[in-house]
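Numbering starts at 1 and runs along the sequence shown. Keep in mind that the numbers below use all heavy atoms, side chains included, and drop hydrogens, waters and symmetry copies.
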Amino acid sequence: QVQLVESGGGLVQAGGSLRLSCAASVSTFSTYTTGWFRQPPGKEREFVATIRWSSGSTVYADSVKGRFTISRDNNRKMVYLQMNSLKPEDTAVYYCAAAATVRLGVMAGDYSDWGQGTQVTVSS
């Protein structure tokens, strides 16, 4: 089991930027995939981005392409989500998730371990 701890959320104006961090406690991440999901108020949890630790390959939701960047630091076992040009509709609780697979899943059910979430609020 992987323990994940997110940080970096907060309140930002539309057009601003935030960087979310996810610290992972695992002995080796070489066979893992780590994703970011979000849950807007009153809505279902939705996929944002995912990254394969071994190759750095990524997949993004269409709604964040060109604005968000997912990255990882293998040595520090950290995953980041750089969010630029934020919009009010990006307001949500953001979750980090991990799966012991190299498949770049885009469904919440593809991931077995979850962080507690961090709130991102974008004001208009």
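- Seen from the ring of Y80, R19 counts as a face-on cation partner, given the 6.0 Å and 45° thresholds.
- In terms of modelled atom types and a separation under 3.5 Å, the side chain of Q3 and the main chain of S25 share no donor-acceptor contact.
- Put simply, CE on M83 and CZ on R67 are 9.5 Å apart, with the number rounded to the nearest 0.5 Å.
- The line from OG1 of T101 to CZ of R52 is 8.5 Å long, rounded to the nearest 0.5 Å.
- Taken from CG in N74 to OG in S54, the straight-line distance is 9.0 Å, to the nearest 0.5 Å.
- Side-chain atoms of Q82 and S17, non-hydrogen and from C-beta on, do get closer than 4.5 Å to each other.
- The shortest non-hydrogen separation linking A14 to P88 is CB-CD, 4.1 Å.
- No more than 12 heavy-atom neighbours from other residues, nucleotides or ligands sit within 6.0 angstrom of CD on Q1.
- At a threshold of 4.0 Å, the pair K87-D90 does not count as salt-bridged, since none of the basic side-chain nitrogens sits closer than that to a carboxylate oxygen.
- A donor-acceptor pair is defined here as one N or O able to donate and one able to accept, closer than 3.5 Å; no such pair exists between the side chain of Q116 and the backbone of V5.
- Atoms CG and CZ, on L20 and F68 in that order, are 8.0 Å from each other to the nearest 0.5 Å.
- Environment of CD in Q119: crowded, with over 12 heavy atoms of neighbouring residues, nucleotides or ligands closer than 6.0 Å.
- Using a distance-only test at 3.5 Å, with no hydrogens or angles considered, a donor-acceptor pair links the side chain of Y60 to the main chain of I70.
- Within the 4.5 Å cutoff, no side-chain heavy atoms of Y111 are placed close to those of T34.
- Partners of A23 according to the side chain to side chain contact (heavy atoms under 4.5 Å, CB included) rule, which considers only residues two or more places apart in sequence or in another chain, are M78.
- Two different hydrophobic clusters hold V120 and F37 under the rule that ILVMFWY side chains link at heavy-atom gaps under 4.5 Å.
- Taken to the nearest 0.5 Å, the OG atom of S57 stands 14.5 Å off from the CZ atom of R103.
- In this structure, CH2 on W53 lies 8.5 Å from NZ on K77, to the nearest 0.5 angstrom.
- At a threshold of 4.5 Å between side-chain heavy atoms, the hydrophobic network of Ile, Leu, Val, Met, Phe, Trp and Tyr places V79 and V93 in two separate groups.
- A continuous path of Ile, Leu, Val, Met, Phe, Trp and Tyr side chains, each step under 4.5 Å between heavy atoms, connects L81 with V12, placing both in one hydrophobic cluster.
- Contact record, K43 with Q39: O-NE2, 3.1 Å, taken as the closest heavy-atom pair.
- Using a 30° and 60° split on the angle between ring planes, Y95 and W114 fall in the perpendicular class, above 60°.
- When the side chains of ILVMFWY residues are joined at heavy-atom separations under 4.5 Å, either directly or via intervening members, F47 and M107 end up in a single hydrophobic cluster.
- By the criterion of side-chain heavy atoms lying less than 4.5 angstrom apart, applied directly or through intervening Ile, Leu, Val, Met, Phe, Trp or Tyr residues, L104 is grouped together with V106 in one hydrophobic cluster.
- Here the side chains of R38 and V64 are in contact, with some heavy-atom distance below 4.5 Å.
- The shortest heavy-atom contact between E6 and G117 is OE1-N, 2.9 Å.
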